[in-house]
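A short worksheet on the structure shown next.
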Amino acid sequence: MNKKFLVFILIAVIAIAVIGIINLRQVQSSSHQIGTYVSAPVNLELYELARNQSGFTQFNSSFVYSVKQGSGELTYQGKPVVIFVGAEWCPYCGAEMWSLIIALDRFGNVSGLKYMESSSTDVYPDVPTFTLENLSYTSQYISVLAYEFQDRNHQPLQAVPSNIYQLWQQLGNGSIPFIDVAGLYYEVGTTNNPGLIQMKNWTYVLNQLHGENLISYQIFSTANLLTAEICLADGNQPSHVCQEPAIVHYENELKSNFPVYYENVYESQTAHILYPERQELSRSLSSHEHEIEFSSVRAGKGSALTLTRYNPVT
């Protein structure tokens, strides 16, 4: 048999094998991983990305207009609390999750993450993301209360405590993703476009975060905005995070757009919204009869700016 023909056959076999391996990896890094714990190397990669100096350079001043001012400072376990309410099926939550995890990793250690994809039947199908259902978070600066109230199939997953449910309904109108940073700022929706990562896998997104592109720009910019909000809530600690130029830029934007809070802070009793009377809730949750004990330290007159985020899910 002709040697050139044999070489051709060998190359073809190798090519087919390589394609098969790539396809297998694609499958293994999507549907087969949903609901499994994130490996230690991936957790470390997310942690290192959070501290990558190039990520701190991204900012877009228009993002600040997506933030609204809350009505009081909230703490949990003696520290400013970041509250998240979302759902595993939600593509907007999935896109925002990358930024939220990066921001939280700058103030402590995130663990307990599981791989997740948004619903296959939503407007942006199969957005690769993570679920916070089993989140474990340690930090000397902040605390986190996170709730995935429905799973990928729209079934009840985590119970939202009644006081947080009321906070979510009153400020966020029941839309997701909902993020409240220590009662000072809250956001509904996401500045990250889920269409950029729909039907991709986690490896793809992680690779993008190591480069300069629209995906990394959006995810890091949103993470920096969240970081600035947290820095303003916890007294700008740690300094090596809060003194980064992009974070300072966002802090200045927040102070400029929300001058009322900083000029007219007054002591207040615990806000009624945090401890409402128990009542029948309209949304189908697995439970809502308990409350989370967190405190309203101080309250100020609220203000709001026009939202420019991607449409939240209601």
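Just so it is clear, the model here is predicted, and its values are computed rather than measured.
Formation of a donor-acceptor pair under 3.5 Å by the Tyr76 side chain with backbone atoms of Ile142 is not found in this model. Within the 3.5 Å criterion, the main-chain N or O of Thr227 finds no donor-acceptor partner in the side chain of Tyr250. Put simply, the side chain of Glu117 never gets that close to the backbone of Pro128: no donor and acceptor are under 3.5 Å apart. For Asp234 (side chain) and Asn236 (main-chain N/O), a donor-acceptor pair under 3.5 Å exists by modelled atom type. Between the side chain of Ser221 and the backbone N or O of Gln218 there is no donor-acceptor pair closer than 3.5 Å. A donor-acceptor pair under 3.5 Å is formed between the side chain of Arg51 and the backbone N or O of Asp105. With Asn52 contributing its side chain and Glu48 its backbone, the two residues share no donor-acceptor pair below 3.5 Å. Looking only at distances, no side-chain donor or acceptor of Asp151 sits under 3.5 Å from a matching main-chain atom of Leu157. Side chain of Asn213 to backbone of Ser216: a donor-acceptor contact under 3.5 angstrom is found. Although no hydrogens or angles enter the test, the distance criterion places no donor-acceptor pair under 3.5 Å between the side chain of Glu229 and the main chain of Tyr185.
Counting only N and O atoms by type, the side chains of Gln150 and Trp89 include a donor and acceptor under 3.5 Å apart. Remark: the Thr131 side chain and the Glu88 side chain contain an N/O donor-acceptor pair separated by less than 3.5 Å.
The closest side-chain heavy-atom distance from Asn173 to Val188 is not below 4.5 Å. For the pair Leu49 and His210, the minimum side-chain heavy-atom distance is below 4.5 Å. Ile219 is listed as a side-chain neighbour of Val205, based on a closest heavy-atom distance under 4.5 Å. Looking at Tyr204 and Asn207, their side chains never come closer than 4.5 Å, going by heavy atoms from C-beta outward. Counting heavy atoms from C-beta on, the side chains of Ser99 and Asn192 come closer than 4.5 Å. Within the 4.5 Å cutoff, no side-chain heavy atoms of Lys68 are placed close to those of Glu187. Here the side chains of Pro194 and Gln198 are not in contact, with every heavy-atom distance at 4.5 Å or above. Residues Val85 and Tyr165 form no side-chain contact, since every pair of their non-hydrogen atoms from C-beta on lies 4.5 Å or further apart.
In terms of heavy atoms, Pro238 sits closest to Phe107 at CD-CD2, 3.8 Å. Nearest heavy atom pair, residue Trp202 against residue Thr129, reads NE1-O, 2.6 Å. When all heavy atoms of Pro177 and Cys90 are compared, the pair lying nearest together is CD-SG, 4.4 Å. What you find for Thr191 and Glu96 is that their closest heavy atoms are N-OE1, 4.0 Å. When all heavy atoms of Ala95 and Thr190 are compared, the pair lying nearest together is C-OG1, 4.5 Å. Of all heavy-atom pairs spanning Pro80 and Ala182, the tightest one is CB-CB, 3.9 Å.
Here the CD-OG1 distance, from Glu45 to Thr203, works out to 8.5 Å after rounding to the nearest 0.5 Å. Here the CD1 atom belonging to Ile247 is positioned 9.5 Å from the CG atom belonging to Leu226, to the nearest 0.5 angstrom. The CD atom of Gln58 sits 13.5 Å away from the CG atom of Leu225 when rounded to the nearest 0.5 Å. Atom CG in Leu46 sits 6.0 Å away from atom CH2 in Trp98 (nearest 0.5 Å). One finds the NZ atom of Lys200 at 8.0 Å from the CD atom of Gln208 (value rounded to the nearest 0.5 Å). In this structure, Thr222 OG1 and Leu100 CG are separated by 11.0 Å, a value rounded to the nearest 0.5 Å.
In terms of hydrophobic clustering, with Ile, Leu, Val, Met, Phe, Trp and Tyr side chains grouped at heavy-atom distances under 4.5 Å, Ile230 and Tyr47 are assigned to different clusters. Cluster annotation: Leu44 is not connected to Val110 through the hydrophobic network of ILVMFWY side chains, with a link wherever side-chain heavy atoms come within less than 4.5 Å. Linking ILVMFWY residues whenever their side-chain heavy atoms come closer than 4.5 Å, directly or via other members, leaves Leu184 and Val248 in distinct clusters.
Remark: Arg106 qualifies as a cation-pi partner of Phe56 under the 6.0 Å distance and 45° angle criteria applied to the six-membered ring. Both the sub-6.0 Å distance and the 45° axial angle are satisfied by Lys114 relative to the ring of Tyr37.
Scored by the salt bridge (Lys or Arg N to Asp or Glu O under 4.0 Å) test, Asp126 finds Arg152 as partners (sequence neighbours excluded).
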| task | Evaluate the criterion side chain to side chain contact (heavy atoms under 4.5 Å, CB included) for residue pair Phe220 and Thr57; output intermediate values, then yes/no. | result | CA-CA 8 Å; Phe220 279 120; Thr57 65; over 6 Å; no

| said: Walk me through whether Val144 and Ile83 qualify under side chain to side chain contact (heavy atoms under 4.5 Å, CB included). | reply: CA-CA 6 Å; Val144 177; Ile83 298 171; over 6 Å; no

| message | Could you walk me through whether Phe84 and Tyr147 satisfy the side chain to side chain contact (heavy atoms under 4.5 Å, CB included) test, starting with their C-alpha distance in whole Å, then the side-chain angles of each, then the deciding distance to 0.1 Å, before giving a yes or no? | response | CA-CA 6 Å; Phe84 169 84; Tyr147 303 94; over 6 Å; no

| request: Check the pair Met97, Leu132 against side chain to side chain contact (heavy atoms under 4.5 Å, CB included), reporting the backbone distance first and the verdict last. | output: CA-CA 9 Å; Met97 189 67 67; Leu132 300 183; 3.6 Å; yes

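Ring-plane geometry between Phe130 and Tyr115 is classed as tilted, the angle between the planes lying from 30 to 60 degrees on a 0 to 90 degree scale.
For the side chain to side chain contact (heavy atoms under 4.5 Å, CB included) test with Leu74, the passing option among Leu145, Val81, Val181 is Val81; the others fail.
Taking the six-membered ring wherever Trp is involved, the centroid distance between the rings of Trp168 and Phe149 falls below 6.0 Å.
Residue pairs satisfying the disulfide bond (SG atoms under 2.5 Å apart) criterion with at least one member in residues 204-236, sequence neighbours excluded, are listed as follows: Cys231-Cys242.
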